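Please read the structure below before turning to the comments.
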Amino acid sequence: MAINRLQKLRPIISQKDLDALLVSQLENYRYLSGFAGSTGWLIISNSHTILATDSRYTEQAKQEAQGFEVIQIRGELDNWLPGLASDLQWHKLGFEANHLSFAAHHKLSETIKAKQLKLELIPLVNLVERLRSIKEPAELELIIKAVELTDAAFEQVKATIRPGVTEKEVAWEIESFLRQNGSEGVAFDLIVASGPNSALPHAQPTERILHHGEAVLIDMGARIGGYCSDFSRTLCLGKELEAASSQLAAIYSAVLEAQLTAIDKIESGMTAAQADQLARRVIEQAGYGDAFGHGLGHGVGIAIHELPTLSPTSADLLTDSMVFTVEPGVYIAGLGGVRIEDVVTLEKGRAKVLTKSKKDSFQL
Ligand code: ZN
């Protein structure tokens with residue numbers, strides 16, 4: 001598996017005219033090597049495949065990172081990397097500019113200068129992330145399992161969601177269901193936001209009690225075999241709509257139409273900005289353009305948020321075998337918010353929806 005991925009990476013390293021690439025980002029080194037420890041670096045050249053980690057992780061690394069030469073390091077990058085690069089006669093080393101801290105880069109540069117090494121550090125972005133955005137069949141299978149688990153959790157929790165329970169109680173119900181049914185923890189801190197709290201796109205569950213006629217926004221993710229799912233639904237409790245909830249019902253229809261339109265019209269070959277626009281136009285026409293503050297969606301994989309980024313400014317190109325969310329939302333301060341989120345994959349040029357939970361009605 002990892003060997004396959006390295007074969008995709010190595011031509012890119014050559015194209016960039018690098019002697020080697022330093023991979024420091026956790027999901028990226030996990031993807032390339034299989035090593036799931038929390039501290040590690042890969043150094044990949046045409047002839048070397050090195051995994052550097054400290055004594056806490058060397059045994060784990062040897063087991064997980066098949067085909068990698070595991071070296072045990074001490075201290076920070078500047079302590080061991082310049083010596084290694086010099087031994088292997090590397091002069092141009094790429095690094096992940098989005099992830100290596102300014103402090104680490106600064107110390108490394110100072111050490112290279114002090115030792116008078118001819119080693120140039122080349123900043124690069126998204127090399128491994130772009131590979132990760134195209135899913136292999138085995139990765140897609142794991143994501144589907146995680147999606148199925150969030151669907152099942154939603155089905156289960158619907159019975160708990162009623163006036164009188166708190167957001168925290170609902171959140172705990174979901175979390176225990178996910179964990180009891182095979183999720184490796186939760187993919188992120190889950191959201192249960194009721195009434196005005198639902199207007200905060202990333203609200204935290206509180207002691208607030210759920211009431212009739214209000215929106216309840218649920219956003220959760222499971223993790224199976226290291227791969228995430230991401231799921232949102234918004235519900236309204238009770239059949240008798242109050243004045244506030246009739247506006248919420250109108251917002252719900254607009255968000256749903258935007259989501260369905262995007263799913264129907266998204267095609268491989270589009271930019272992610274064009275995909276975002278499909279949904280945004282519907283919400284703008286309904287009069288809520290200003291209240292849709294975030295992008296339409298994001299890739300899902302080893303990380304809960306990865307490429308492609310579906311937003312008005314994204315230049316990412318959508319292609320077959322990508323997996324991402326479609327999750328338009330409208331948030332009105334003081335009233336509440338609505339978000340509907342499914343995970344889709346691009347297959348034969350079109351979006352195939354992996355999430356199965358119903359979304360046609362705002363009423364629970
Ligand atoms: Zn999401």
Side-chain angles (χ1 to χ4, degrees), residues 27 129 132-133 135 139-140 142-154 157 170-171 174-175 178 183-193 197-205 215-224 226-235 252 255-256 258-263 266 272-273 275-280 283 291-314 316 318 322-331 336-346 351-357 359:
E27 282 92 2
E129 285 87 341
R132 276 170 46 201
S133 71
K135 266 62 183 182
E139 295 183 284
L140 182 60
L142 292 169
I143 294 170
I144 289 172
K145 281 189 184 148
V147 168
E148 285 170 352
L149 189 51
T150 39
D151 274 333
F154 183 60
V157 81
V170 176
I174 296 171
E175 184 158 345
L178 291 174
S183 184
E184 296 143 11
V186 285
F188 53 89
D189 287 342
L190 53 90
I191 298 168
V192 177
N197 292 353
S198 61
L200 311 170
H202 278 179
Q204 284 191 334
V216 182
L217 195 159
I218 293 171
D219 191 345
M220 60 162 136
R223 194 188 293 273
I224 303 274
Y227 284 79
C228 301
S229 61
D230 199 357
F231 171 98
S232 302
R233 288 290 183 269
T234 310
L235 298 165
Y252 192 91
V255 172
L256 181 60
Q259 206 239 12
L260 293 172
T261 303
I263 288 170
I266 283 175
D276 177 277
Q277 189 57 31
L278 293 169
R280 198 163 299 278
I283 287 175
F292 177 18
H294 55 73
L296 178 62
H298 53 88
V300 176
I302 305 178
I304 187 65
H305 294 123
E306 54 182 58
L307 297 183
T309 300
L310 286 77
S311 76
T313 55
S314 175
D316 296 345
L318 300 182
M322 282 184 167
V323 176
F324 52 86
T325 66
V326 179
E327 51 173 314
V330 166
Y331 312 89
V338 171
R339 176 164 70 252
I340 304 171
E341 173 180 36
D342 288 333
V343 176
V344 309
T345 183
L346 284 176
K352 180 180 163 191
V353 184
L354 303 179
T355 309
K356 299 277 186 285
S357 295
K359 57 192 171 188

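One-based numbering, in listed order, for ligands and for the atoms of each. Note that this is a predicted model, so its numbers are computed, not measured.
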Rounded at 0.5 Å granularity, tell me how far CG in Leu296 sits from CG in Leu278.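 It is 8.0 Å, given to the nearest 0.5 Å.
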
Phe188 and His305: aromatic ring centres closer than 6.0 Å?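 Aromatic pair excluded; centres sit 6.0 Å or further apart.
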
Return all protein N, O or S atoms below 2.8 Å from the Zn ion (ligand 1), chain by chain in residue order.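 Within the sphere that stays under 2.8 Å of the Zn ion (ligand 1), the protein atoms of type N, O or S are Asp230 OD2, His298 NE2, Glu327 OE2, Glu341 OE2.
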
Listed by chain and number, what are the side-chain contact (heavy atoms from CB on, under 4.5 Å) partners of Ser311, not counting sequence neighbours?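 By the side-chain contact (heavy atoms from CB on, under 4.5 Å) rule, Ser311 matches Thr309, Thr313, Ser314.
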
If you compare all heavy atoms of Ala303 against all heavy atoms of Cys228, which two are closest, and at what distance to 0.1 Å?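 What the structure gives for the nearest pair is C-SG, 4.0 Å.
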
Just checking Lys359: does its NZ atom have more than 12 heavy atoms from other residues, nucleotides or ligands closer to it than 6.0 angstrom?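 It does: Lys359 NZ has more than 12 such atoms within range.
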
Cationic N near anionic O, under 4.0 Å, Asp342 to Lys352: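 No, no charged N to carboxylate O under 4.0 Å.
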
